[in-house]
S.K.: 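Attaching a single structure in structure tokens format; questions to follow.
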2 protein chains.
Amino acid sequence: MQADIVIRALGALAQEHRLAAFRALVQAGESGLSAGTLAEALQLPNSSLSFHLAQLTNAGLIRQQRQGRSLIYSADYAAMNGLMGYLTKNCCAGAVCAADANCSISEERNVA
Amino acid sequence: MQADIVIRALGALAQEHRLAAFRALVQAGESGLSAGTLAEALQLPNSSLSFHLAQLTNAGLIRQQRQGRSLIYSADYAAMNGLMGYLTKNCCAGAVCAADANCSISEERNVA
DNA sequence: CTAATGATTCGATAATCGTAGAAATATCGA
DNA sequence: TCGATATTTCTACGATTATCGAATCATTAG
């Protein structure tokens with residue numbers, strides 16, 4: 001993972017509503033959540049949420065997938081994993097858990 | 001660690017020069033680096049770097065300490081550790097490494 | 001005390017971000 | 001096809017961010 005994408009990912013998460021949205025998507029797991037559901041959960045106007053989801057998508061942290069008229073968003077665990085790996089390696093003095101910093105489920109669970 | 005401070009920390013790191021500065025400080029370790037040294041390393045005007053260091057300080061990621069006329073900055077490993085912990089717990093589906101996500105040295109090595 | 005050094009704060013400016021209503025786009029049901 | 005539903009894109013605007021020279025503050029040496 002490169003510094004450029006890391007910065008975009010950090011920036012994407014560095015905002016109240018986006019962090020909340022991402023957390024909700026992580027919690028939702030594989031099946032994800034529709035834009036509407038998310039907008040209601042976060043109490044945001046659709047257009048505002050849409051803006052934030054676009055930022056997260058642009059940062060590669062979430063994925064979009066159409067299902068009927070709904071757009072279902074879901075967290076990209078591998079991307080989050082990459083971010084954690086970068087931070088561990090570059091911002092944590094190459095500490096102990098560097099090798100374990102697979103904070104995903106994803107690699108394992110997505111495949112399963 | 002609370003969402004509010006997490007957002008400030010993420011925002012602080014989500015910028016080219018600040019991420020570079022923080023990485024340099026992490027690498028520098030305990031002894032830290034002076035503002036001047038850092039400014040030269042990053043090729044930034046003093047006033048610009050000062051602005052960024054203030055942001056990092058405000059986010060609690062770095063510490064300041066005067067030494068003669070120089071201000072020495074150093075990374076706060078515990079804060080970074082806290083950030084990693086939050087992300088692991090809240091943004092990684094409570095994955096495997098949650099308990100290990102002590103990405104610091106700090107707690108152990110600072111004391112030593 | 002004065003000059004020199006290291007660094008921050010001030011000030012102005014350009015650029016980006018967040019917000020949310022309104023208009024447009026896509027899909028589905030009848 | 002037409003209307004309803006789900007969402008995005010457009011638009012405008014206020015707020016925040018990044019930049020950096022100039023002015024200021026703090027510390028030390030002479």
Side-chain angles (χ1 to χ4, degrees), chain A residues 3-25 28 31-76, chain B residues 3-25 28 31-76:
Chain A
D4 177 54
I5 184 67
V6 165
I7 288 169
R8 261 190 296 161
L10 290 169
L13 294 174
Q15 209 275 347
E16 183 188 352
H17 300 313
R18 289 197 294 267
L19 184 59
F22 188 72
R23 287 182 59 182
L25 290 178
S31 54
L33 294 172
S34 71
T37 305
L38 215 39
E40 188 169 13
L42 304 182
Q43 299 263 76
L44 284 178
N46 288 352
S47 66
S48 296
L49 177 66
S50 206
F51 166 80
H52 292 305
L53 290 176
Q55 303 263 115
L56 287 165
T57 301
N58 180 255
L61 289 169
I62 64 175
R63 287 232 164 75
Q64 193 190 53
Q65 150 191 24
R66 184 172 283 280
Q67 192 173 299
R69 346 182 187 195
S70 295
L71 284 173
I72 306 295
Y73 286 90
S74 54
D76 184 326
Chain B
D4 178 52
I5 185 66
V6 165
I7 286 168
R8 262 190 296 162
L10 289 170
L13 294 175
Q15 209 275 348
E16 183 188 352
H17 301 312
R18 288 196 295 266
L19 183 59
F22 187 72
R23 287 182 59 182
L25 290 177
S31 53
L33 295 172
S34 71
T37 305
L38 214 39
E40 187 169 12
L42 303 183
Q43 299 261 77
L44 283 178
N46 288 352
S47 66
S48 296
L49 178 66
S50 206
F51 167 80
H52 292 304
L53 290 175
Q55 303 263 116
L56 286 165
T57 301
N58 179 256
L61 289 169
I62 64 175
R63 286 232 165 74
Q64 193 190 53
Q65 149 191 25
R66 183 172 284 279
Q67 189 173 300
R69 352 187 179 193
S70 296
L71 284 173
I72 307 294
Y73 286 90
S74 54
D76 184 326

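Quick note on labels: first sequence line is chain A, next is B, and so on, each numbered from 1.
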S.K.: Roughly, in whole Å, what's the span from CG in B:Asn46 to P in C:dT8?
M.R.: 8 Å
S.K.: May I ask you to evaluate whether B:Tyr73 reaches the phosphate of C:dT8, defined as a side-chain N or O under 4.0 Å from OP1 or OP2?
M.R.: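 Yes, B:Tyr73 has a side-chain N/O under 4.0 Å of OP1/OP2 on C:dT8.
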S.K.: May I have the distance from B:Gln67 (atom CD) to C:dA7 (atom P), rounded to whole angstrom?
M.R.: 11 Å
S.K.: Show the nearest heavy-atom pair for residues A:Ser34 and A:Ser70, with the distance to one decimal.
M.R.: CB-CB, 4.2 Å
S.K.: Is the backbone N or O of A:Ile72 less than 3.5 Å from a side-chain atom of A:Arg66, with the two atoms forming a donor-acceptor pair by type?
M.R.: no
S.K.: Which pairs would a plain distance check flag for residues 41-50 of chain A, meaning a side-chain donor or acceptor within less than 3.5 Å of a matching protein atom at least two apart in sequence or in another chain?
M.R.:
none

S.K.: Within the pair B:Ser34 and C:dA7, is there a side-chain N or O less than 4.0 Å away from OP1 or OP2?
M.R.: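 Indeed, a polar side-chain atom of B:Ser34 lies that close.
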S.K.: Show me the donor-acceptor pairs within less than 3.5 Å that the side chains of residues 10-24 of chain B make with the rest of the protein, sequence neighbours left out.
M.R.:
| residue | atom | partner | partner atom | Å |
| --- | --- | --- | --- | --- |
| B:Gln15 | OE1 | B:His17 | N | 2.8 |
| B:Gln15 | OE1 | B:Arg18 | N | 3.3 |
| B:Arg18 | NE | B:Ala12 | O | 2.7 |
| B:Arg18 | NH1 | B:His52 | ND1 | 3.1 |
| B:Arg18 | NH2 | B:Gly11 | O | 3.3 |
| B:Arg23 | NH1 | A:Tyr86 | OH | 2.7 |
| B:Arg23 | NH2 | A:Asn90 | OD1 | 2.8 |

S.K.: Give the C-alpha distance, both sets of side-chain angles, the deciding distance and a yes or no for side-chain contact (heavy atoms from CB on, under 4.5 Å) between A:Leu38 and A:Leu53.
M.R.: CA-CA 10 Å; A:Leu38 215 39; A:Leu53 290 176; 3.9 Å; yes
S.K.: Does C:dT27 have OP1 or OP2 under 4.0 Å away from a side-chain N or O of A:Arg66?
M.R.: yes
S.K.: Could you list the residues that satisfy side chain to side chain donor-acceptor pair (under 3.5 Å) with A:Glu40, not counting sequence neighbours?
M.R.: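 For A:Glu40, no residue satisfies side chain to side chain donor-acceptor pair (under 3.5 Å) once neighbours in sequence are set aside.
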S.K.: Applying side-chain contact (heavy atoms from CB on, under 4.5 Å) to B:Leu56 and B:Tyr73, what does each step give before you reach the verdict?
M.R.: CA-CA 10 Å; B:Leu56 286 165; B:Tyr73 286 90; over 6 Å; no
S.K.: Where do N or O atoms of nucleotides 18-24 of chain C meet protein N or O atoms at under 3.5 Å, pair by pair?
M.R.:
| residue | atom | partner | partner atom | Å |
| --- | --- | --- | --- | --- |
| C:dG18 | OP1 | A:Arg18 | NH2 | 3.1 |
| C:dG18 | OP2 | A:Arg18 | NH1 | 2.9 |
| C:dT19 | OP1 | A:His17 | NE2 | 3.3 |
| C:dT19 | OP2 | A:His52 | NE2 | 2.5 |
| C:dA20 | OP2 | A:Ser48 | OG | 3.4 |
| C:dA20 | N7 | A:Ser47 | OG | 3.2 |
| C:dG21 | N7 | A:Ser47 | OG | 3.2 |
| C:dG21 | O6 | A:Ser47 | OG | 3.3 |

S.K.: What salt bridge (Lys or Arg N to Asp or Glu O under 4.0 Å) pairs are there with at least one residue in residues 42-53 of chain B, not counting sequence neighbours?
M.R.: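 The answer is none; no pair qualifies.
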S.K.: Considering every strand and a 4.0 Å limit on heavy-atom distances, what is the contact class for A:Ser50: base, sugar-phosphate, or nothing?
M.R.: base
S.K.: With a 3.5 Å distance limit and no angle check, can you tell me whether B:Thr37 reaches the backbone of B:Leu33 through a side-chain donor-acceptor pair?
M.R.: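 No; judged by distance alone, with no hydrogens or angles, the pair does not exist.
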S.K.: Could you give the CZ-to-P distance, from B:Arg69 to C:dT8, as a whole number of Å?
M.R.: 15 Å
S.K.: How many Å lie between CG on A:Leu56 and C1' on C:dC17, as a whole number?
M.R.: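 That distance rounds to 14 Å.
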S.K.: Between which nucleotides of DNA chain D, 5' to 3', does chain A make heavy-atom contacts below 4.0 Å?
M.R.: D:dA4 to D:dT9
